[in-house]
Amino acid sequence: MSENEFRTFMARSYSSGTPGRTICNSRNHHFIADEIGSDEVTAGEYFLTGLTACAVNMIERKAKERDVPLQRLDVQVEGTYKRSQGIEPYTVFQTVKMQFHFAGVSDDEAASLVANYQQRCPLYGTVASAALYP
């Protein structure tokens, strides 16, 4: 296997000294993650934002490679989980709904770009496999 075949991502979170607030970093970027109901973005929101950011970046890159005239892309995601899931071994999102809003491409081109994202994004793949293989 070639050295470039694998990509590794690293992140770190640590106590801020304020209950319910975590300091996070990845590479040289620092950000805050709060508990639900606080001022800052929550860990769940960061997780879902990863899905949308991967979608926009990957789809824009693929559209450029294919000479598809994508003018704009807006991806929205909503995830819902049940706070008390009973006897299940893990708390998981019960639903994750994504909406893709394209400008400048046909419906067929949009569908092809979304399918490529779904096949290639490791974040989407992780969520999808959890839903397929509980």
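Because only heavy atoms are used, hydrogens play no part in the values below, and waters and symmetry mates are left out as well, while side chains stay in.
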Cys54 to Leu123 - nearest heavy-atom pair and separation
CB-CD1, 4.3 Å
Minimal non-hydrogen separation, Leu113 against Ile59, with atom names:
O-CG1, 3.7 Å
Side chains of Asn116 and Gln118, heavy atoms from C-beta outward: is any pair under 4.5 Å?
no
Minimum side-chain heavy-atom gap Val96-Val77 below 4.5 Å:
yes
All heavy atoms of Leu73 vs all of Ala55, minimum pair found to be CD2-O, 4.2 Å
side-chain contact (heavy atoms from CB on, under 4.5 Å) for Leu51 and Tyr124? Distances and angles first, verdict last.
CA-CA 6 Å; Leu51 288 171; Tyr124 181 87; 4.3 Å; yes
What pairs of residues pass the salt bridge (Lys or Arg N to Asp or Glu O under 4.0 Å) test when at least one of them lies in residues 98-125, not counting sequence neighbours?
none
Val127 versus Phe47: any side-chain heavy-atom pair under 4.5 Å?
yes
From CA spacing to verdict: side-chain contact (heavy atoms from CB on, under 4.5 Å), Cys24, His29
CA-CA 8 Å; Cys24 310; His29 302 280; over 6 Å; no
Would a 4.5 Å heavy-atom cut-off, applied to side chains only, mark Tyr117 and Met98 as touching?
yes
Please check if the side chain of Thr126 supplies one atom and the backbone of Pro122 the other of a donor-acceptor pair under 3.5 Å.
yes
Looking at Ser16 and Thr18, would you say the former's side chain and the latter's main chain have a donor-acceptor pair under 3.5 Å?
yes
Heavy-atom donor-acceptor pair, Tyr46 side chain to Ile32 backbone, under 3.5 Å
yes
Check whether any side-chain heavy atom of Phe102 lies under 4.5 Å from a side-chain heavy atom of Leu70, and answer yes or no.
yes
How far apart are the closest heavy atoms of Ser26 and Phe31, and which atoms are they?
N-CE2, 4.3 Å
Just grab all the side-chain hydrogen bond (donor to acceptor under 3.5 Å, both in side chains) pairs involving residues 48-62, residues at least two apart or on different chains.
Lys62-Glu65
When you measure from the side chain of Asn25 to the backbone N and O of His30, does any donor-acceptor pair fall under 3.5 Å?
no
Criterion side-chain contact (heavy atoms from CB on, under 4.5 Å) on Glu35 and Arg21, from CA distance to verdict
CA-CA 7 Å; Glu35 286 187 305; Arg21 176 154 291 173; over 6 Å; no
The reported gap from NZ in Lys97 to OG1 in Thr80 (rounded to nearest 0.5 angstrom) is 6.5 Å
